[in-house]
Amino acid sequence: MSLLLLVVSALHILILILLFVATLDKSWWTLPGKESLNLWYDCTWNNDNKTWACSNVSENGWLKAVQVLMVLSLILCCLSFILFMFQLYTMRRGGLFYATGLCQLCTSVAVFTGALFYAIHAEEILAERPPGGSFGYCFALAWVAFPLA
């Protein structure tokens with residue numbers, strides 16, 4: 001039983017790490033020429049001084065929805081982990097983790113909805129960008145975090 005609790009704790013931490021990287025790192029969409037877009041900034045690699053030049057992303061409503069859903073998923077996942085630890089040490093033996101499970105289910109739905117919005121409305125979100133490019137690794141991490149949550 002203690003091994004199961006250790007695995008569940010490790011899974012919570014893994015999901016938190018995946019969601020933090022997916023939400024905050026800079027590769028939701030990659031364009032040729034080392035340009036990448038994330039949920040917060042549009043970054044271009046400057047070869048002259050070997051740095052990233054970043055600017056704010058567009059004010060697209062769908063992008064704002066994805067931002068809100070990914071931040072909500074982070075908050076719910078943190079809450080779920082805190083509830084899990086609280087319930088683990090205060091609940092009677094044999095109790096069930098209903099509150100933790102509900103928070104994780106809501107986390108999963110938020111990540112799924114955010115990643116789905118981004119996938120479906122990528123053309124609208126990236127309207128002022130040159131054509132071409134592909135989804136980046138942060139987008140893939142969001143999809144990996146969805147079933148794990």
Side-chain angles (χ1 to χ4, degrees), residues 4-89 96-149:
L4 179 64
L5 293 174
L6 181 68
V7 169
V8 171
S9 298
L11 186 62
H12 273 284
I13 292 169
L14 175 67
I15 294 167
L16 269 171
I17 291 170
L18 288 175
L19 287 175
F20 268 109
V21 171
T23 303
L24 300 176
D25 209 6
K26 61 178 178 269
S27 184
W28 272 70
W29 187 262
T30 57
L31 292 166
K34 290 193 174 184
E35 186 175 4
S36 65
L37 296 113
N38 69 0
L39 298 179
W40 313 104
Y41 294 105
D42 176 7
C43 297
T44 307
W45 178 252
N46 188 345
N47 279 328
D48 297 334
N49 56 5
K50 307 288 188 226
T51 59
W52 286 96
C54 295
S55 62
N56 288 333
V57 292
S58 69
E59 295 292 322
N60 186 291
W62 290 111
L63 184 60
K64 295 294 180 192
V66 174
Q67 289 172 342
V68 167
L69 286 166
M70 291 305 292
V71 169
L72 178 66
S73 70
L74 269 172
I75 292 168
L76 287 171
C77 193
C78 289
L79 177 66
S80 175
F81 184 64
I82 291 167
L83 277 173
F84 176 72
M85 287 300 165
F86 178 75
Q87 288 177 327
L88 183 63
Y89 292 111
L96 298 175
F97 296 91
Y98 286 124
T100 301
L102 182 64
C103 278
Q104 278 300 105
L105 183 64
C106 291
T107 298
S108 182
V109 168
V111 171
F112 174 76
T113 308
L116 190 65
F117 282 175
Y118 195 85
I120 292 172
H121 299 287
E123 290 178 4
E124 294 172 40
I125 293 171
L126 306 165
E128 60 237 14
R129 296 276 125 221
S134 62
F135 293 106
Y137 68 90
C138 290
F139 179 76
L141 286 179
W143 279 110
V144 169
F146 155 64
L148 290 177

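Bear in mind that the values here come from a model prediction, so they are computed numbers and not experimental data.
Taking CG of Leu39 as the reference point, atom SG of Cys138 lies at 8.0 Å (rounded to 0.5 Å). Note that CE of Met70 is 11.0 Å distant from CZ of Phe20, once rounded to the nearest 0.5 Å. Atoms CG and CZ, on Leu16 and Phe81 in that order, are 7.0 Å from each other to the nearest 0.5 Å. Once rounded to the nearest 0.5 Å, the distance linking CD of Gln67 with OH of Tyr118 reads 10.0 Å. Here the CD1-SG distance, from Ile75 to Cys106, works out to 13.0 Å after rounding to the nearest 0.5 Å.
When atom types are taken as modelled, the side chain of Trp28 and the backbone of Ala22 share a donor-acceptor pair closer than 3.5 angstrom. When atom types are taken as modelled, the side chain of Thr23 and the backbone of Val71 share no donor-acceptor pair closer than 3.5 angstrom. Between the Ser108 side chain and the Phe146 main chain, a donor and an acceptor come within less than 3.5 Å of each other. Ser80 contributes no side-chain N or O that, together with a main-chain N or O of Leu76, makes up a donor-acceptor pair within less than 3.5 Å. Counting only distance, with no hydrogens or angles, the side chain of Gln87 and the backbone of Phe97 share no donor-acceptor pair below 3.5 Å.
Residues Thr100 and His12 form a side-chain contact, since some pair of their non-hydrogen atoms from C-beta on lies under 4.5 Å apart. By the 4.5 Å heavy-atom criterion applied to side chains, Met85 and Ile82 are not counted as neighbours. Side chains of Ile125 and Trp29 form no contact here, defined as non-hydrogen atoms less than 4.5 Å apart. Side-chain atoms of Thr107 and Leu19, non-hydrogen and from C-beta on, do get closer than 4.5 Å to each other. Using a 4.5 Å cut-off on side-chain heavy atoms (C-beta onward), Leu63 and His121 make no contact. Side-chain contact between Leu69 and Val111: absent, with no pair of heavy atoms (C-beta onward) separated by less than 4.5 Å.
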**Request:** Give the intermediate values and the outcome of side-chain contact (heavy atoms from CB on, under 4.5 Å) for residues Tyr98 and Leu83.
**Result:** CA-CA 10 Å; Tyr98 286 124; Leu83 277 173; over 6 Å; no

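When every heavy atom of Val66 is checked against every heavy atom of Gly114, the shortest pair comes out as CG2-O, 3.4 Å. Closest approach of Leu148 to Ile15, counting heavy atoms only: O-CD1, 3.2 Å.
Screening Phe139, Tyr137, Phe135 for a side-chain contact (heavy atoms from CB on, under 4.5 Å) involving Ser27 leaves a single residue, Tyr137.
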